[in-house]
A.B. asks: 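The following block contains the structure, expressed as structure tokens.
Keep in mind that this is a model prediction, so the values were computed, not measured. Protein chains get the first letters and strands the later ones, always in sequence-line order, with residue 1 at the start of each.
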There are 2 protein chains.
Amino acid sequence: MARTGRPREFDREQTLERALELFWSRGYGATSIQDLVDALAVERGSLYGAFGDKRRFYLEAVRLYWQVYERHLVSALDTSPLLPGLREILTHPVRLDELISDRGVPQGCLVGNTTAELVPQDSEATEVVARSYRRFTDIVAGALRRAQAAGEVTDTCSPEAQAQLLLYIVQGLSLVSRAGLDKTAALAAIDAAVDGLRA
Amino acid sequence: MARTGRPREFDREQTLERALELFWSRGYGATSIQDLVDALAVERGSLYGAFGDKRRFYLEAVRLYWQVYERHLVSALDTSPLLPGLREILTHPVRLDELISDRGVPQGCLVGNTTAELVPQDSEATEVVARSYRRFTDIVAGALRRAQAAGEVTDTCSPEAQAQLLLYIVQGLSLVSRAGLDKTAALAAIDAAVDGLRA
DNA sequence: CGACTTCTTGAACGCCTAGTCAAGAAGTCG
DNA sequence: CGACTTCTTGACTAGGCGTTCAAGAAGTCG
């Protein structure tokens with residue numbers, strides 16, 4: 001069944017990506033439709049036609065954000081030994097922060113920002129966020145379980161508890177970094193966390 | 001110099017406390033002046049007269065929030081051994097969450113929420129937040145330094161790095177809890193963190 | 001009492017918001 | 001070509017927002 005009608009003039013995916021950046025750097029509430037129209041060079045009506053209302057647009061951007069992040073997460077943890085990859089995941093916000101000083105770019109984790117701004121008032125946002133967190137802990141716990149079995153990571157507590165703790169650390173770091181990041185202190189803290197996992 | 005003119009009919013401090021609760025549970029953007037007028041039973045003009053504009057009102061509430069929290073923090077860490085008090089600080093968000101299920105009450109840490117919503121766009125908010133974080137790490141690092149000297153806490157890394165890590169953990173827990181808290185998993189994660197500090 | 005000061009009240013202001021819609025443009029299909 | 005469908009455009013709507021302000025109320029002070 002061929003698609004008929006006037007073809008869309010903008011690239012939906014690319015527009016979503018740019019909207020993601022805007023939402024990421026400014027937050028949901030502080031990004032107006034007009035901001036999006038200006039930045040994306042797509043008129044209001046077309047945005048509404050392609051993405052529905054603002055909330056749906058935003059949530060789709062969050063889902064895309066997480067999809068990309070999760071891909072990164074999985075590939076970084078698919079290594080042996082595990083701890084270097086894990087360290088890379090934890091230091092990710094620090095590296096993001098370096099990009100920021102160059103241009104005016106996103107800050108923190110979009111899922112974390114969403115948690116603070118929309119959860120728990122918006123049930124759909126709460127689902128997206130909760131699912132993201134669950135997937136993070138599932139993926140990390142799986143990797144830790146393998147590393148425990150290999151004798152690389154201490155088995156003084158369960159991989160699930162370790163993964164949960166790591167979630168807190170990443171999210172905490174992402175959040176706190178927004179207020180100004182002392183890179184040295186952050187890396188020292190991360191090293192302390194990683195060392196605590198060593199067998 | 002006696003104060004003349006018509007006396008204020010509401011209790012400024014008590015009103016600020018109730019505004020704090022509202023801002024805490026809904027966030028800055030989602031709390032309108034009208035919401036405040038309704039909840040506080042104080043008319044708009046009086047609020048503006050007493051607190052200035054919305055931003056100043058909010059920031060004053062955040063400062064009050066932190067003042068109360070810091071008092072709690074200091075008293076909980078002024079103990080020997082340190083780790084039980086530290087554990088109490090870390091589990092604080094979990095206990096807050098229990099209150100929530102009873103009535104519709106604040107969630108997360110107000111400073112953390114402010115970080116996500118206003119920082120870094122609002123420089124004054126950024127200052128308030130950054131100062132709060134700095135005070136947290138200073139207080140906690142001081143306590144850890146003493147506990148390291150007493151042989152209670154491991155000295156495999158500096159008290160500053162440990163304190164920084166603990167800041168991430170508390171903030172991460174506060175944030176993630178908004179999306180739904182698995183109390184068991186949270187406590188297991190906290191125990192893992194506290195155990196990691198033990199000498 | 002009358003002058004002065006501050007607080008209260010709620011209407012009003014201007015602005016910005018998310019969202020809608022009608023008219024026209026640009027394709028496909030018979 | 002003409003029918004049909006979808007996308008584009010930007011003016012428009014309705015409502016909510018933070019903020020202001022003038023008029024009156026409630027005190028103090030001489």
A.B. asks: Can you give me the closest heavy-atom contact between A:F51 and A:R56, atom names plus distance?
C.D. replies: O-CB, 3.6 Å
A.B. asks: Nearest of D:dT19, D:dC7, C:dT8 to any side-chain atom of B:F10?
C.D. replies: C:dT8
A.B. asks: Please report the distance, rounded to the nearest Å, between CD1 in B:I33 and C1' in C:dA12.
C.D. replies: 16 Å
A.B. asks: Once rounded to the nearest 0.5 Å, what's the spacing between atom CD of A:Q14 and atom CG of A:L40?
C.D. replies: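 Going from the CD atom of A:Q14 to the CG atom of A:L40 covers 10.0 Å.
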A.B. asks: On DNA chain D, nearest-nucleotide positions of A:E9 versus B:E9: which is more 5'?
C.D. replies: A:E9
A.B. asks: Throw together a table of side-chain donor-acceptor distances under 3.5 angstrom for residues 73-81 of chain B, partners on residues two or more places apart or in other chains.
C.D. replies:
residue : atom : partner : partner atom : Å
B:S75   : OG   : B:H72   : O            : 3.3
B:T79   : OG1  : B:A76   : O            : 3.4
B:T79   : OG1  : B:P81   : O            : 3.3

A.B. asks: Looking only at the side chain of A:R6 (C-beta and beyond, no hydrogens), which of the listed nucleotides D:dT9, C:dG24, D:dT28 gets closest?
C.D. replies: C:dG24
A.B. asks: Is the shortest distance from a Lys or Arg side-chain nitrogen in B:E21 or B:R26 to a carboxylate oxygen in the other one below 4.0 Å?
C.D. replies: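 Result for this pair is no, no salt bridge flagged.
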A.B. asks: Is A:R198 paired with A:E152 through a side-chain N to carboxylate O contact shorter than 4.0 Å?
C.D. replies: no
A.B. asks: Between B:D53 (CG) and D:dC17 (P), how many Å, whole number?
C.D. replies: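 Taking CG of B:D53 and P of D:dC17, I get 16 Å after rounding.
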A.B. asks: Can you sort out which residues in residues 41-48 of chain B have a heavy atom within less than 4.0 Å of DNA chain C? Ascending by number, please.
C.D. replies: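 Only B:E43, B:R44, B:G45, B:S46 qualify.
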A.B. asks: Just the dot-bracket of DNA chain C, please: which string comes out with Watson-Crick or G-U pairs under 3.5 Å, [ ] for crossing, | for another strand?
C.D. replies: ||||||||||||||||||||||||||||||
A.B. asks: Any side-chain heavy-atom pair from A:D122 and A:T114 closer than 4.5 angstrom?
C.D. replies: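 No, too far: nothing below the 4.5 Å cut-off.
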A.B. asks: Looking for any heavy atom pair under 4.0 Å, which part of the strands does B:F57 touch: base, sugar-phosphate only, or nothing?
C.D. replies: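 Counting heavy atoms under 4.0 Å across all strands, no contact is made by B:F57.
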A.B. asks: Looking only at side-chain N and O atoms, does B:T4 come under 4.0 Å of OP1 or OP2 in C:dT6?
C.D. replies: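 The answer is no; no side-chain N or O of B:T4 sits under 4.0 Å from OP1 or OP2.
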